[in-house]
Structure formats: C-alpha cells, structure tokens
**Q** 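Please see the structure below; I have some questions.
A note on names: the letters A, B, ... follow the listed sequences, proteins ahead of strands, and every chain is numbered from 1. No experiment lies behind these values; they were computed from the predicted model shown.
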Amino acid sequence: MNAETSKSWDIKLVDLTLGYDQKVVLNKINACIPGGKISVILGSSGGGKSTLLRHLVGLRTPMSGKIMMGEYDIFSLPPKEFRRIRRRMGMLFQDGALLGSMNLLENVGLPLREHTKLPEKLVNEVVLHTLELVGMADFAGYYPNELSGGMRKRAGLARAMVTSPPILLCDEPTSGLDPINSAQMDALLVNLKEQNPDMTIVVVSHDIQSVFTIADHVMVLHAGGIAFNGPLEDFKNSDDPLLKRFLDRNANFAETGGNQRFALPPQDRAKVQSALDQWLGRN
Amino acid sequence: MSAIARNILGLPFFLLDNLLLLIREVGAMSIFMAVGLRNIFTGKQAGKVLRQIQFIGSDSLFLIALIGLFTGMVLGLQGYYALATVGSEGMLGTLISLALVRELGPVLTAIMVTGRAGSAMTAEIGVMRISEQLDALEVMDINPYAFLVAPRMSASLIVFPMLTSVFNVVGIMGGYFTGVILLGINGGIYMHRVQTALEFDDLFSGFAKSIIFALLVSTVCCYKGFFTHMRTDSVGPEAVSRATTSAVVLSCILILIFDYVATTFFMA
C-alpha cells in the first residue's frame, strides 16, 4: 500500500541524537513506534521524553539521525512538504497551551477557522461536538485561566483532535491531575482510539497506572538510550531490573547518588536545625 | 598582569563583541520585520487587524488627545513668552503648528503608543512564548508571523498616522486655548498663521515619520516578545518582564535616532 494513502504510519527513529545546545539527551537511538496503536514513552524526569516528542512534531531539529513518518524523513523534506506531513499530527501540550486571549470555542476551533472556509456556524458545531467528547461542552465560553489544570488538558486534547489527525502526540496528559481526572483522561484516550482504530497515539508519561490502562506498546528511555521498546505484555513480564523498578516504583538512590553526594556535615545540620527552630519558635 | 591592565587590554575585544552583537541583533530584527511585512496579506487578517486597530488605536485615543492637548498648551505658553521678547507673539500659530506637525506629533505619539500598546505586545507574545502557545500554533500549522506579528504591524501602520493627526490637531487647539483664550492673541491671526505656515512637505514629513515609527515600534516590540525564550540573562516570567522593558527602551531610543535621521533627510 502507498504510504500516502496508508491510514496509519509507523514512526521510525534512525540513529537519532537529540539534545539542547551542546547537551546530548538521547544518543543514537533506533526504534519503531508502531502505527495504529497507543504507544507510551516512559522514563525518568529529564530523561528526554518530552524532548523526543518535540522532535517528533518538528518543534526542534535533531542533532543527527532521522525521524521517519511512514516513508518520509521529515527533517529532509522541503518546508512545504514538511508542513503537509505535520498537518497529520495533533499535539496535546503539558498544560494544554491554549491561547489565553481566546475562550474554548475560539481555541478549539482555531485550526478550522485558519485553514478552512467552513461557515462559522458549522465550525462552532464541530467544536461543540469535540468539546462534548471530552466533557467540556458546558465550558465553551470559558477562558483558559478560568479552568482547572485537568479541564485545560481536556480542552487541549479537544483542540488536538478537532482536525481528526491520524497521529496524536500527548505530553504527560495525566501529570498534575488527581486520580479521578487522570482516569478520565486515560478513558478519553482509549475511547478516542476505539473510535479511530487507525489513529497512532504517542503518549509521554511517567504514570505507570496510566500505562497499564492505555498502552498497546511501551518505550522506556533511560540514560540517554532506549531501555525497552515493545508490547505492553512484554514490558509487564520483563525480568530486566530497570523495568522491574519502573513497574514496582522502586527508587534506587545508590544509582543516582541522591542522598550521598550532598549529605550535610553534622555541624552544618545543627546550624540549619537551630535556625529553623528559631524561626518556628521552637526551643 | 594587574586586573586594570587586563581590563584595558580586553576593552577592544569587549567593544568588538558588543558591536558584533549589535550587528547581529539589527540583522535579526530586519529579517523579522521583512518576514512580518511579507505575511501582512497572508491568510485571514481582517479580523485580527481590526482587533489590533482597536487596541493600539481606539484605546489609545484618549491618552494621545490628552498628551496632545497639554503639549500644545505648554508650547503655547513657552512660545508666547519667547516670542514676546522679540515682539512676535503673532507668530505663535506658526511655531506651534510647525513644532507639532514636524516633530512633536510623530515623536510623542510614537513614544506614548510604545508605552501603552508596544509594551503590551511584547508581554503578550512573550507570555505566549514561555507557555508553549507559540509552539502550539506551529503544531497547528498556523504561521505565528501571520497570526501575531503581521496584524500588529498592519494595525500600527494604519493607526500611527491617524493618532499623530489627532495629536497635532488637539495640540494646535491646546495652543489656541493658551495663546488666544488665556493670553489674548487674536484668534484669526493664530489660525491664519497655522494655515499659512504648514506646507505639504511638513505634513508629508510628519506622516512619513509616523509610518517609520510604526514599523520600528511594532517590529521591536513583537521581536522582543517573540524571542523571549532566547534571552541569556533570564528565563520564564523574568525574561518576559526584561523583554518588555528592553522593547520599550529600545523603541524610544530608535524613535529619537530615526527622527533625527528622517529630519536630516527631509530638511535636505
């Protein structure tokens, strides 16, 4: 089947090196994110998950290597072609990234208003329908600063979905949410996938509960590389000590040296304690 | 080698570094302005331009009229006493109209609009930058230059000459109030002097200056907000505040420099 007409695209990372300025975050990674599935990218904070996502959507250029969307190496395409490929992607940013000067009706309808000549009435209908899907239709007239974090994320998801993109990228959709809102967001993604079987959804997360609920495929980033890339079942059944730690939420201070390198000498600890006691009025 | 000697020897390199930085910044701003102007007719602009006209223009109208009124009144007062020393109080209309139309109108209008609307442009775009809203626009395939920069440039180009005209007219009225009503100059002579003093070249130079200032202010203010994240001296909200301050300061300096350059050009 021609890649252009194919409904779901695999995303391939080929010898990909990513970073900021001169700092390498991920070094020469090779992996395939399968099309038509929900893939979750896991990893510790600062491990390069969000960086990878920003590269996937073309907001940053890799230091070296390729990102293949279907058969297209997106960073070697001419700008016009690149934009054509990027139109196939929607992205939910960590905090929704809704435009602060617009209400939800305007925010979610923005791509339709900018790129199509649909009448305003029809755009509003589409927007309300999309907001309904994420349970936000009653808040269409609200501005982002009037909403909670979870509501902003759901509205951000609605905006990412409104053009029905075949590829949806979500940057930590459940971070900072309470368990109920997290579960709602997971359910939204699963429902979305069920309604759009060909859609490729890539979710960056470090919420292991969320991974078990939504993922078909898991990629684990660790120490500048890929520690695991495969189906959820293989991830669950893995004997790898690192993956076990992820699964068991087990901190390993020995590896990071977290509580050793900056241990306070006893005399300094006493000084700090005394200062705090004084401030708190404790004798 | 002593620290003083090291500093003296390092001075040329310091100056060279700053010169290169300045050249790079000017180059980047020029490209930014060109890209902004190129996008003026891209996509659906009308609604966005109208909103900016309201914000930069209509909402600044009262302020501009107020400043214009008092500038004209002060000019009337100072001019009257200066001219009285040579017995030429009747020339007050000439003095006020030429000073306002050629210089004070365009310059003060531009500086006031920079303080009111230019700072808001930088802050708004800067906040959008640090909260990933500009990234979101790019991901939605919405060109941020066409969406944010071009409407502000268009609106500035439309509004600055209008506001300058309002400033000039109200300023001349302020001068009339001081000179004619308070100090007793003949009203007919005042208006006659205003009418005969102003020639097409004066009006044209004032108009041209307001267009130049519109481009300068909108470019500098949008540029500083757009590249808030590239600042090396600060990050986050502090970067936005510093970007806003530097946009206002730089705009005001450039307005005065370009005013001198333009005046030299028009006088020649």
**Q** Do other residues, nucleotides or ligands put more than 12 heavy atoms under 6.0 Å from Glu125(A) CD?
**A** yes
**Q** With a cut-off of 6.0 Å (strictly less than), are more than 12 heavy atoms of other residues, nucleotides or ligands near NZ of Lys37(A)?
**A** no
**Q** Just checking Phe75(A): does its CZ atom have more than 12 heavy atoms from other residues, nucleotides or ligands closer to it than 6.0 angstrom?
**A** yes
**Q** Is the backbone N or O of Met140(B) less than 3.5 Å from a side-chain atom of Arg159(A), with the two atoms forming a donor-acceptor pair by type?
**A** no
**Q** When only heavy atoms count and the cut-off is under 4.5 Å, which of residues 223-256 of chain B reach chain A?
**A** none
**Q** How close do Ala97(A) and Ala136(B) get, heavy atom to heavy atom, and via which atoms?
**A** O-CB, 3.8 Å
**Q** Could you report the tightest heavy-atom contact between Leu98(A) and Gln133(B), atom names first, then the distance?
**A** O-CD, 3.3 Å
**Q** Does CZ belonging to Phe32(B) count more than 12 external heavy atoms closer than 6.0 Å?
**A** yes
**Q** Can you tell me if Lys66(A) has over 12 outside heavy atoms packed within less than 6.0 Å of its NZ?
**A** no
**Q** Tell me whether the count of non-hydrogen atoms from other residues, nucleotides or ligands lying under 6.0 Å of OH in Tyr20(A) goes above 12.
**A** yes
**Q** Can you say whether Met91(A) sits under 4.5 Å from chain B via the side chain, the backbone, both, or neither, judging by heavy atoms?
**A** both
**Q** Restricting to non-hydrogen atoms, name the atom on Arg87(A) and the atom on Asp141(B) that form the minimum distance, rounded to 0.1 Å.
**A** NE-OD2, 2.6 Å
**Q** Counting only heavy atoms not in Phe207(B), do more than 12 sit closer than 6.0 Å to its CZ atom?
**A** no
**Q** Please name the pair of heavy atoms, one in Glu114(A) and one in Ile142(B), separated by the smallest distance, quoted to 0.1 Å.
**A** CG-CD1, 3.7 Å
**Q** With a 4.5 Å cut-off on side-chain heavy atoms, are Leu99(A) and Leu137(B) touching?
**A** yes
**Q** Count the heavy atoms belonging to other residues, nucleotides or ligands that lie under 6.0 Å from CG of Leu15(B), then report whether that count exceeds 12.
**A** yes
**Q** How many angstroms lie between CG in Asp95(A) and CD in Glu132(B), if you round to the nearest 0.5 Å?
**A** 8.0 Å
**Q** Heavy-atom distance under 4.5 Å to chain B: side chain of Thr163(A), backbone, both or neither?
**A** neither
**Q** Kindly state each residue pair satisfying side chain to side chain donor-acceptor pair (under 3.5 Å) with at least one member in residues 152-165 of chain B, sequence neighbours excluded.
**A** Glu124(B)-Arg152(B)
**Q** Which answer fits Arg54(A), side chain, backbone, both or neither, if we ask what part of it has an atom under 4.5 Å from a heavy atom of chain B?
**A** side chain
